[in-house]
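Okay, structure first, notes after.
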Amino acid sequence: MNVASVIVDVAAMQTDRPFDYEIPERWREVIQPGMRVIVPFGPRHVQGFVLEIKEDTEIRKLKPIVEPMDIVPVLSEELMKLAQWLTIESLCFKISALHVMLPAAMKAKYSKLIRLTGEKSLSPELASLFEDQTEIPWEVASEADALTDIRKEVKNGTIEVIYSVKSKGRTKTVRMVKCLLSEETLAETVETIAKNAVKQKEALLAFSGRRGDWLTLKETGMSPATAKSLIRKGWIEEKQEEMYRDPHSGRHFEPDKPLSLTENQQEAIAPILATITDGTTETFLLHGVTGSGKTEIYLQSISRVIEKGQEAIVLVPEISLTPQMTERFKRRFGNDVAVLHSGLSIGEKYDEWRKISRKEVKVVVGARSAVFAPFENIGLIIIDEEHETSYKQEENPRYHARDVAIWRAAYYKCPVILGSATPSLESFARAKKGVYTLLTLDRRVNDRPLPSVDIIDMREELREGNRSMFSRTLFDKIKDRLEKEEQTVLFLNKRGYSSFIMCRDCGYVAGCPHCDVSMTYHRHRHQLKCHYCGYEEPAPNICPECGSEHIRHFGTGTQKVEEELLKLLPEVRIIRMDVDTTGTKGSHERLLRQFANKEADILLGTQMIAKGLDFPNITLVGVLSADTMLHLPDFRSSEKTFQLLTQVSGRAGRHHLSGEVVVQTYTPEHYSIQLAAEQNYESFYQKEMMMRNMGGYPPFYYLALINVSHKEAIEASSAANKIVAKIKPSLSQAAVILGPVASPIARINDRYRWQCLIKYKREPKLTVVLKEVLEHYAKQGKSNGLLVSIDVHPYMLM
DNA sequence: AGCACGCCGACT
DNA sequence: GTCGGCGTGCTC
């Protein structure tokens, strides 16, 4: 057993296979599969993951492993298998699949150094570069244009190039000190200390009664300088203790007790508890209307899992990973919970990951990537708001957390709960087919009625002369809430509707010069910004096309709504939540707290306020423009609209005050708006399934999307055509290929984009052919600048 | 992906 | 004649 098969940290088609290395004698007992190692690869050193340990290999010129990066494997056998599966399912590189399972802190950091060997002296120019150091970063030499000289010196042997590999993250340590003096000598020693060494005296006295304990410097009250001199005198010793960064430091979570379940909840939880007890795998779809108490079912199921000595993973969409949500878990399970969300620093995430890895916690609550939590005895995986598209990763590996959860649950023989008030069509269809077990919560806790919903036809408003963005009904209701001192939530569906600049004379719209999209207007800096490539420029004051001064920002950004509202109701207190106001860390939390404390009458925001808000004083929810995303070129747009409207409506009247919802729209007759207003999921499901069947879309067909991009439109389009020609013969009659066509956003970052969509039911050969396409274009495309990417089961069709 | 090797044009 | 441009091919 002295050969290790290693996946190296080079994401490329040609290196996407194991490379064999000799395990040096001294590491034979140490190195195991799932560990990270540093290996020589060509002239440099790279990080790699040990796949397996073998007796022998075909390869003759084996190089030895430089050094292991871990003492114990960072990936379990299960996660290694999962990575293998991910690679095949999502057509990604093995290294990408391995990386996605680990915190960013464990990614390798590469640096190149040049070092003097000290054999001969250097030319004065190079010597001045080094000054009196023996090592300098490669970049320093490169910037000084000294690379040619260095190459020569490397040949001469006076300089060597060092390729260094380090782990990005560091463990945080704290300095601990312990008194080495016995209780009696401590008192004596204190007497002998020089009179002016007051600090040392105080420090030693801090140890009285706790002589044998390790204390932090803070606890003893001594400064680093004092510690240093006491160590020199041999009176105390020190060590570095590893510690966790605590993102919740200083916060206390009041413990809570399980609530008693309603009859409805009891019926739903019973089958879940049974599978937990039996240790069988099963996927439950928990379909519960907003406010029906899904979270309590999660909490009590987890309790059962913990009692059984197992662990649980809870996934929530990033935007609902708010303090309100996580607090419930912290209160119920105390220190048994780790929370993983994007607000944590790399170091904090690393610490949470280590707590999980060491089994110091029993429950993980986190966004998509938490599905890879390194537990080894999983008893339950929960995906809340199952329908959320954020569970699909849009970069490689393009995985869906739901699929990963089901894979892991099958491995550990445990249940999965998919919870939602508005399940995705895919999941609901599977539940109807009996692939998943459907559990229904059709009543709100305490039988509070669902809010009443008014649909307002904005065309009608316009016809009757109301040109504001508030219908009369909505405006009256807002005024009414102000009088009653109740709170209102106004929801603006921003997608595809952010403010842009348009000339009212010639119709010119300010577009990005590098992408085929209009740029977004940022009022505070009077700038235009492209959300796809990041390009920015000052907003024009006159039209660049016709010179007209009638150029202004259009669309209904949240800022505009706020302005108009303040014009109509100068007294009103508004909290605006959008990308502008929630940019800084913790601002999201702060704004919500302000609203909860009734420091504002109206909460105005985008997507991010659709979820998880649960404040008793909200009695009115207004949706300013329900149909803005209905017209996007996406077969899921009706489903998304329905889900969003249902979610938002659910924010009103969750407590003793009953709620009202006003939905403004230009297409009031659309079924997703009508049925969302009725909160009629079943009818929506039926209707939408009919549409999907007609269009040949999921869940009736699977999809695979091929994207091709190139600087030249012709190149992109001809490559796309060739790809289709190559794939077509391998597919059955039942498969449909749409395209190739130019992508809905035909150009991003000066690259023209073409795509084609494959619709299929069962194509055993498809993944093989797609892999071949990728391989072919990885080789060829590198030289001519063509980029090909494939998304199996895509969510983003743009 | 990086990096070296290798084969052709513009310079001391 | 050399320096250095970037096409090609390899990395256990």
Side-chain angles (χ1 to χ4, degrees), chain A residues 1-25 27-28 31-33 35-69 87 91-100 107-115 123 125-126 137-139 141-157 159-166 168 395-397 709-711 715 774-789:
Chain A
M1 304 304 258
N2 42 30
V3 175
S5 174
V6 174
I7 299 292
V8 293
D9 186 20
V10 180
M13 206 88 231
Q14 284 160 302
T15 53
D16 188 35
R17 62 188 171 85
F19 287 81
D20 289 345
Y21 288 88
E22 181 203 322
I23 306 175
E25 202 70 52
W27 308 122
R28 297 257 161 100
I31 289 179
Q32 293 164 56
M35 272 188 185
R36 295 174 303 155
V37 288
I38 296 173
V39 291
F41 195 63
R44 52 204 172 118
H45 285 179
V46 296
Q47 188 185 58
F49 289 83
V50 177
L51 261 199
E52 56 168 337
I53 308 290
K54 323 189 273 193
E55 201 62 72
D56 217 347
T57 172
E58 248 76 293
I59 309 295
R60 295 194 290 128
K61 37 172 185 174
L62 274 197
K63 283 184 186 174
I65 287 176
V66 174
E67 133 188 57
M69 293 178 87
T87 303
L91 300 169
C92 71
F93 301 134
K94 294 175 182 70
I95 191 65
S96 317
L98 292 166
H99 267 147
V100 77
K107 258 182 98 171
K109 210 175 97 189
Y110 297 104
S111 57
K112 224 161 122 183
L113 303 166
I114 55 175
R115 178 194 284 167
S123 67
E125 301 89 68
L126 278 182
W138 176 271
E139 289 74 26
S142 165
E143 276 159 33
D145 274 326
L147 291 187
T148 345
D149 291 349
I150 284 165
R151 238 166 253 144
K152 272 186 213 154
E153 295 299 338
V154 170
K155 278 209 178 95
N156 285 338
I159 286 179
E160 57 180 342
V161 182
I162 310 282
Y163 294 89
S164 120
V165 184
K166 281 194 194 115
K168 228 185 209 165
E395 312 113 57
N396 275 325
S709 74
H710 195 278
K711 291 251 179 232
E715 294 289 328
L774 283 178
E775 270 163 35
H776 179 78
Y777 283 94
K779 253 182 247 154
Q780 210 212 314
K782 212 171 107 178
S783 51
N784 71 3
L786 193 74
L787 282 180
V788 180
S789 74

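Note that the coordinates shown come from a computational prediction; the quantities given were computed from them, not determined experimentally. Every heavy atom of this structure was used, including side-chain atoms; hydrogens, water molecules and symmetry mates were not.
Pairs of residues two or more places apart, or lying in two chains, that qualify as salt bridge (Lys or Arg N to Asp or Glu O under 4.0 Å) and include a residue from residues 35-45 of chain A are Arg36(A)-Asp70(A).
Looking at heavy-atom distances under 4.0 Å, Leu62(A) makes contact with sugar-phosphate atoms alone, never a base. Using a 4.0 Å heavy-atom distance criterion, Tyr163(A) is classed as a sugar-phosphate-only contact. Backbone-only engagement by Pro40(A) is indicated by non-hydrogen atom pairs under 4.0 Å involving sugar-phosphate atoms exclusively. At a threshold of 4.0 angstrom between heavy atoms, the contacts of Tyr21(A) are confined to the sugar-phosphate backbone, with no base atom among them. Among the protein residues, Gln14(A) comes within range of the nucleic acid bases, having at least one heavy atom under 4.0 Å from a base atom. Within the nucleic acid shown, Arg17(A) comes within 4.0 Å of at least one base atom, counting heavy atoms only.
Bracketed by its first and final contacts, the part of DNA chain B lying under 4.0 Å from non-hydrogen atoms of chain A reaches from dA1(B) to dC3(B) in 5' to 3' order. Nucleotides of DNA chain C with any atom under 4.0 Å from a heavy atom of chain A span, from 5' to 3', dG4(C) to dC12(C).
In this view, Lys166(A) and Ser164(A) satisfy the side chain to side chain contact (heavy atoms under 4.5 Å, CB included) rule, not counting sequence neighbours. The side chain to side chain contact (heavy atoms under 4.5 Å, CB included) test applied to Glu139(A) returns Pro137(A), Glu143(A), not counting sequence neighbours. Take Val161(A) and apply the side chain to side chain contact (heavy atoms under 4.5 Å, CB included) test, not counting sequence neighbours, and it matches Lys112(A), Ile114(A), Trp138(A), Val154(A), Tyr163(A).
Residues Ile95(A) and Asp16(A) share a closest heavy-atom pair of N-OD1, 4.4 Å. The two residues His45(A) and Val165(A) have their closest heavy-atom pair at O-CG2, 3.3 Å.
Of the residues Val8(A), Val50(A), Thr57(A), Ile7(A), the one that meets the side-chain contact (heavy atoms from CB on, under 4.5 Å) test with Pro18(A) is Ile7(A).
Here the two rings, on His99(A) and Phe49(A), have centers that are under 6.0 Å apart.
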